[in-house]
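Residues: numbered from 1 along the sequence shown.
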Amino acid sequence: MPLIRETIVTTMSPEGAVHIAPLGIIADGDGWIIAPFRPSTTLENLRGLPFAVANHTDDVRIFAGCLTGRRDWPVTPSACVPVPRLTAALAHAELAVIEVTEDAQRPRFRCRVVHRAAHAPFEGFNRAQAAVIEAAILVSRLHMLPRDKIEAEIAYLGIAVAKTASAAEREAWNWLMERIRDNQSASRKT
Ligand SMILES: Cc1cc2nc3c(=O)[nH]c(=O)nc-3n(C[C@H](O)[C@H](O)[C@H](O)COP(=O)(O)O)c2cc1C
């Protein structure tokens with residue numbers, strides 16, 4: 001299996017609308033592959049404007065926020081690509097698409113790194129950060145996962161949150177739990 005790095009990817013429409021989404025980017029030699037599922041705004045943006053930024057952040061509220069309708073995170077102009085980076089990025093890589101492999105479910109955009117920069121020290125992680133990212137992935141798959149699997153995984157991940165979370169991880173966790181509860185009450189009504 002290749003290395004996959006969980007990042008916040010910024011893209012932009014040709015009209016200039018910035019889009020922020022968590023994506024696992026796949027290592028490809030010196031570059032990265034972005035593989036968005038259809039349909040998605042990230043996919044449409046990469047077709048319209050073939051640049052992206054991979055933002056590395058330890059603020060897991062951005063992962064949880066993007067999946068719960070909170071996408072309005074501050075951005076800053078990038079050095080070499082038209083797509084901006086996250087202001088909160090500890091480091092980022094500016095990417096240019098060099099090849100597209102079409103796929104019915106998940107086209108792959110091979111990207112070259114045109115610039116990278118570090119902005120702030122990485123202070124280490126706690127278990128709650130990893131738990132929030134795992135829970136965010138579960139939330140992105142609510143429509144396809146059985147309810148008992150979600151409940152079992154959340155019960156396990158919740159231990160790390162209870163033991164190690166700072167206020168930021170607790171806030172991110174609460175957003176995700178609210179989304180899971182809303183999804184379960186909506187599915188009870190149908
Ligand atoms: C950590 C993490 C990694 C993800 N990786 C991917 C990915 O590689 N491809 C994808 O299509 N969605 C991925 N998702 C789900 C997307 O973030 C989510 O579906 C998003 O809304 C993409 O659609 P959009 O571009 O329309 O916003 C991931 C979610 C999380 C939390």
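- The aromatic rings of His92 and His119 lie parallel to each other, with less than 30° between the two planes, well short of the 60° mark.
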Check the pair Thr11 / Thr42 against side chain to side chain donor-acceptor pair (under 3.5 Å), numbers first and verdict last. CA-CA 6 Å; Thr11 55; Thr42 302; 4.6 Å; no

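- Heavy-atom contacts from other residues, nucleotides or ligands closer than 6.0 Å to CZ of Phe122 number more than 12.
- Under the 4.5 Å side-chain heavy-atom criterion for ILVMFWY residues, no single connected hydrophobic cluster contains both Ile62 and Val9.
- In this structure, Arg110 pairs ionically with Asp28, as a charged nitrogen and a carboxylate oxygen lie closer than 4.0 Å.
- Arg127 CZ to Leu157 CG: the interatomic distance, rounded to the nearest 0.5 Å, is 9.5 Å.
- The shortest side-chain heavy-atom distance between Arg112 and Trp32 does not fall under the 4.5 Å cut-off.
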Side chain to side chain donor-acceptor pair (under 3.5 Å) between Arg5 and Thr7, intermediate numbers included: CA-CA 6 Å; Arg5 209 174 275 290; Thr7 64; over 6 Å; no

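- Between Arg71 atom CZ and Cys66 atom SG the span is 5.5 Å, to the nearest 0.5 Å.
- The main-chain N or O of Ala64 is found under 3.5 Å from a side-chain atom of Thr68 such that the two form a donor-acceptor pair.
- Here the CH2-CZ distance, from Trp175 to Arg170, works out to 13.5 Å after rounding to the nearest 0.5 Å.
- A side-chain contact (heavy atoms from CB on, under 4.5 Å) with Pro107 holds for exactly one of Thr101, Leu46, Leu43; it is Leu43.
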Verdict with supporting geometry, Ser166 and Asn126, side chain to side chain donor-acceptor pair (under 3.5 Å): CA-CA 9 Å; Ser166 75; Asn126 63 44; 5.0 Å; no

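- When hydrophobic clusters are built by joining Ile, Leu, Val, Met, Phe, Trp and Tyr residues whose side-chain heavy atoms come closer than 4.5 Å, directly or via intermediates, Val53 is grouped together with Phe51.
- Residues Leu176 and Val161 fall within the same hydrophobic cluster, defined by Ile, Leu, Val, Met, Phe, Trp and Tyr side chains chained together at heavy-atom separations under 4.5 Å.
- Under 4.0 Å is where a charged nitrogen must lie from a carboxylate oxygen, and between Arg147 and Glu153 no such pair does.
- Hydrophobic clustering places Ile180 together with Leu138 (ILVMFWY residues linked when any side-chain heavy atoms are closer than 4.5 Å, directly or through intermediates).
- Side-chain contact between Gln129 and Glu169 is present, with heavy atoms from C-beta onward closer than 4.5 Å.
- By the 4.0 Å N-to-carboxylate-O rule, Glu102 lies close enough to Arg47 to be salt-bridged with it.
- Considering only heavy atoms from C-beta on, Phe63 stays 4.5 Å or farther from Ile137 through its side chain.
- With values rounded to the nearest 0.5 angstrom, Asn55 atom CG is found 4.0 Å from Leu86 atom CG.
- Note: the hydrophobic cluster containing Ile8 also contains Val132 (ILVMFWY, side chain heavy atoms under 4.5 Å, direct or indirect links).
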